[in-house]
Amino acid sequence: MDQYKFPCEPVANEESTVKGPQYRFTLINDKLLRYEWAEDGIFEDRASTFAIHRKFPKPEFRVRETEAELSIITPSLHLTYDKKRFSPNGLGATFTAKMTDWGAEWRFGEEPTGNLGGTARTLDGVDGRCDMGAGIISRDGYSVLDDSASMLFDGQGFVTTRRPGDRLDGYLFSYGHDYRGAMEAFYAVSGRQPVVPRWCLGNWWSRYHAYDQAEYLALMDQFRAHDVPMAVAVVDMDWHWVRGDRVPHTGWTGYTWNRDLFPDPAGFADALHKRGLKMTLNDHPHAGIAHHEEAYAEISKVLGHDTTHRDPVQFDPASPRFLHTFFNVVHRRLEEQGCDFWWIDWQQGSHTRTPGFDPLWLLNHFQFLDTQQQNQARGGGESIIFSRYGGAGSHRYPVGFSGDTAATWDSLRFQPEFTATAANIGYGWWSHDIGGHLPGYRDDECTARWVQFGAFSPNLRLHSTLSRWMSKEPWLYREECMRAMKEAMRLRHRFVPYIFSFNAGSGSSGNLPLVQPLYWKYPQRPEAYRYPNQYFFGQSLVVAPVVTPRDKSTSLAKTRAWLPPARHVDIFTGTVYDGDREIDLYRPLEHIPVLAPEGSIIPLDREKVPANGCPNPDGFEILIVVGRDCQFDIIEDVRDDHNCFYLAPLRADGSLPLRTIPIRFDQTAGRLSIPHTEKKWTIRFISANFQRNAILRIDGLLAGSLSLYYQISPRGLCSTVLEVPPATSGLRHEDGAITVDVGPDPQLNVVDPRKALSRLINDFQSDFHTKDRLWEIVESKQPASVKASRLLSLGLDEAFYGPVAELLLADSRS
């Protein structure tokens, strides 16, 4: 099993340990401490499923010790211990972080009451909320992770159980409200999230339905005909034989193509690949390899299995020999027929023949390593599996399958919070059944809102169950919902440059989760905790998904949100909002609130309907929100791309080189700098209105002026757009840069909201007298605060006065 070894440094720096006959403390750093109790005095230095790195430089600490007590003191914590078996009375710590007026204290065995949650193994059967367990961060300022029962890696390429006896093994995080610091420490010990392939960031199609080969390909062509790009074709269980006399079990497990449905599997896979799609096959491996499988004879021969009575080869993930053979015989032949990665659909519990070995963990870990090795051997790029969450450390094996959720508003209402909270245990790549699975009901608006959330979630994977009434093709839905679903799916592919850059980035992102709770950045603000459905999406954006139905009279849905400090602009409407406040946002079915603060750069694919498979675009549309200096590094892989300028070297793990395209905006000078490349550029200054043409310079030399033109949003607000011509043939990034000057210190528009309000009120399904009263307030010359008071005094339903108040009070400058 040597090929399954992976880089790790589990043995801690000896200078960082304090130990006695039955206890050992390891200072990972001055805020993170490992505590161990071993009745036999033998401590654990092997990597666990959570902790694969423990060797770090010695931090600052000192020890005070008497015959009866041990104290370990760092700049961040003071631990005291009575040298007996760990107990709440004998082991505890206080912290220097000033979390409360009365201080913070941890006692062994006591869970912090302010833990902000982690995630769950699956959402199977969940309709609404579920328990998300504990994460690494807590409003108490400290948290603990119990690692006593996890599997260990044996250093020879497989796993092993822990030694018998009375043993305790845990980690104490004491980062105060430095939540990102706590997560950085978590990743330092447990390993970082891998960079996922670019193609997996596009739209996935999945449905539990017995497609045949022609039907599936025709469906992919229908998506293209509807101008909806796709990236991943999921083939659910019916790709293999699942029923009939030939199948000797219930049918979930299978490794032989159903030739009635797929007469030419390799040709089917090739046809998907030619359409720019990757293919994954569903695998329920629990029933093993039965005698009817094409791989049965070969795997039986390799394993020495007796086939006399046609007994199945039992699935045994606790056996290294079986797992290795399973990958190299059963899976390999299917991969050679075109399977790009595996959907591990494990639903059969957490037990194997070896107590303590979790089959899901074994499958996730070894399948990911096997896929990674095969991709590297073929000269390919990054790898993924698709599987359920297995516990702390599962972030190393993306992408997560969250299971079969109910198709209801309650289910949708929980998913944004569930996705964001998973970041607290380092898990950043949840893929949900967008639109819901079963049970539930048909609600086109709910499905459209779910797809919009999916466009701003880690992965957008449409999925539904066997029912003929639940399929998620957008064109099966009512006209307005179909338009919203299609546009969200196009937008998802347009956002891939932004998402992949964050995914592959270093520095400020550093492989952190794409979706992060508000309190990660604003831990001192109580408002950041009140809106668990709202989150940061990548480097700049604040997203507040719509998870409630529209009001029938206004056709607007309300989302309550907190806008962090600084002005923010809705990238869809151009509305400018004062920051640092709680606000009700009202949106039609066309879009959800997605806001960017002053000083934001957001790169999009320039094509309104991008290609299948998320290739590097030939050009970009760059959204810029002026008001502060800002920068963004677009990161691309270079496979199948002739524009290979500004190459980074191969990474240490052998993955392909990356290309960085730096975009910079200097607020004081009003100057945008972009590389001199063969890319085409559309620059959109959202809610900015410049009074003159932009000055274009190439390599510092004046090249002329660019005409600016305005585009009006449905709400009557404008953005300034300019087109930058591509570099002439042969030029590369190192040849220089393009700068565009729009004038010093540009500011966001101060917009008269009356045009937008006129359209809004006109659409209200109400009596004309109410419209007149609302418009009288809009037209008055009174201060905004007086207008707000008058609105409230009308005695109208909130559905009417709320949207008017939102626009009247959005920007105090107006």
Side-chain angles (χ1 to χ4, degrees), residues 452 480 483-484 542 544 546 548-563 567-596 598 625 684-689 710-720 747-814:
Q452 290 171 335
E480 61 171 349
R483 290 196 303 268
V542 178
V546 175
T548 55
R550 292 172 294 174
D551 179 83
K552 289 182 173 57
S553 298
T554 65
S555 291
L556 300 174
K558 184 179 82 169
T559 296
R560 190 159 180 79
W562 176 63
L563 302 185
R567 289 191 186 95
H568 286 69
V569 177
D570 188 309
I571 67 170
F572 295 123
T573 69
T575 307
V576 179
Y577 295 92
D578 292 332
D580 199 5
R581 60 171 171 155
E582 296 171 274
I583 185 173
D584 291 334
L585 302 170
Y586 295 82
R587 294 295 181 270
L589 188 63
E590 287 75 31
H591 47 77
I592 63 175
V594 179
L595 302 114
E598 289 180 304
V625 181
R684 183 182 300 275
F685 293 90
I686 303 177
S687 290
N689 189 348
Y710 304 104
Q711 289 191 346
I712 309 300
S713 79
R715 282 194 164 184
L717 304 174
C718 70
S719 57
T720 301
Q747 298 296 314
L748 295 172
N749 284 341
V750 179
V751 177
D752 183 343
R754 285 179 296 176
K755 180 179 290 188
L757 283 164
S758 176
R759 295 182 182 185
L760 185 76
I761 296 171
N762 182 64
D763 194 52
F764 285 176
Q765 305 296 294
S766 70
D767 63 274
F768 298 114
H769 179 61
T770 296
K771 293 174 183 281
D772 287 338
R773 296 171 74 192
L774 289 170
W775 188 247
E776 179 187 354
I777 295 172
V778 170
E779 286 273 78
S780 74
K781 304 299 183 182
Q782 296 167 310
S785 59
V786 176
K787 292 183 178 183
S789 176
R790 290 183 63 192
L791 281 173
L792 292 173
S793 71
L794 291 177
L796 299 175
D797 289 342
E798 183 184 343
F800 288 105
Y801 71 74
V804 176
E806 176 194 343
L807 292 181
L808 278 179
L809 305 176
D811 184 355
S812 59
R813 299 173 303 164
S814 61

I'd like to know whether Ser687 forms a side-chain hydrogen bond (donor to acceptor under 3.5 Å, both in side chains) with Asn749, so could you lay out the CA-CA distance, the side-chain angles of the two residues, the decisive distance to 0.1 Å, and finally the verdict.
CA-CA 5 Å; Ser687 290; Asn749 284 341; 5.2 Å; no
Between Arg567 and Asp578, does a side-chain contact (heavy atoms from CB on, under 4.5 Å) hold up when you go through it step by step?
CA-CA 5 Å; Arg567 289 191 186 95; Asp578 292 332; 4.0 Å; yes
Salt-bridge criterion met for Arg790 and Glu776 (N-O under 4.0 Å):
yes
If you round to the nearest 0.5 Å, how far is CG of Leu589 from OG of Ser555?
9.0 Å
Would you say Leu760 and Thr554 make side-chain contact, with heavy atoms under 4.5 Å?
no
Might you confirm whether atom CZ of Arg754 has over 12 heavy atoms from other residues, nucleotides or ligands at distances under 6.0 Å?
no
Please step through side-chain contact (heavy atoms from CB on, under 4.5 Å) for the pair Ile592 and Val594, ending with a clear verdict.
CA-CA 6 Å; Ile592 63 175; Val594 179; 3.9 Å; yes
All heavy atoms of Pro593 vs all of Val546, minimum pair found to be CD-CG2, 3.9 Å
For Tyr801, give me all partners under ring pair (Phe, Tyr, Trp, His ring centres under 6.0 Å), at least two apart in sequence or on another chain.
none
Is there a side-chain contact between Leu595 and Leu563 in this structure, where contact means two heavy atoms from C-beta onward sitting under 4.5 Å apart?
yes
Fit a plane to each ring of His591 and Phe572, take the angle between them on a 0 to 90° scale, and name the class: parallel (under 30°), tilted (30 to 60°) or perpendicular (over 60°).
parallel
Under 3.5 Å, is there a donor-acceptor pair between the side chain of Glu798 and the main chain of Pro803?
no
Report yes if the side chains of Thr559 and Arg587 come closer than 4.5 Å at any heavy-atom pair, otherwise no.
no
Donor-acceptor check, side chain of Asp797 to backbone of Phe800, threshold 3.5 angstrom: yes or no?
no
May I ask you to check whether Asp570 and Thr575 show a side-chain donor-acceptor distance below 3.5 Å?
no
Is the closest side-chain heavy-atom distance between Leu791 and Val804 below 4.5 Å?
yes
Is the side chain of Lys787 donor-acceptor paired with the backbone N or O of Leu808 at a distance under 3.5 Å, no angle test?
no
Test your reading of the model: is there a side-chain donor-acceptor pair from Gln765 to the backbone of Lys552, 3.5 Å cut-off?
no
To the nearest 0.5 Å, what is the distance between CD on Glu590 and OG1 on Thr573?
12.0 Å
Decide yes or no for Leu774 and Phe764: does some side-chain heavy atom of the first lie under 4.5 Å from some side-chain heavy atom of the second?
yes
Tell me if a side-chain donor or acceptor on Arg813 pairs with a main-chain N or O of Leu748 at a distance below 3.5 Å.
yes
Going from OG on Ser553 to CG on Leu796, what distance comes out if it is rounded to the nearest 0.5 angstrom?
11.0 Å
Does the Lys558 side chain pair with the main chain of Asp584, one donor and one acceptor, at a distance under 3.5 Å?
no
Taking C-beta and beyond as the side chain, do Ile571 and Val569 meet within less than 4.5 Å on heavy atoms?
no
To the nearest 0.5 Å, atom CG of Leu757 lies from atom CG of Asn762 at 12.0 Å
Output for pair (Leu585 CG, Leu556 CG), nearest 0.5 Å, gives 11.5 Å
Side-chain heavy-atom pair Ile761, Lys771 within 4.5 angstrom cut-off
yes
Once rounded to the nearest 0.5 Å, what's the spacing between atom CG of Asp811 and atom OH of Tyr577?
10.5 Å
Evaluate side-chain hydrogen bond (donor to acceptor under 3.5 Å, both in side chains) for Thr770 paired with Asp767, printing each intermediate quantity in order.
CA-CA 6 Å; Thr770 296; Asp767 63 274; 2.8 Å; yes
Please examine the side chains of Tyr586 and Leu807, heavy atoms only from C-beta on, and report whether any two atoms are closer than 4.5 Å.
no
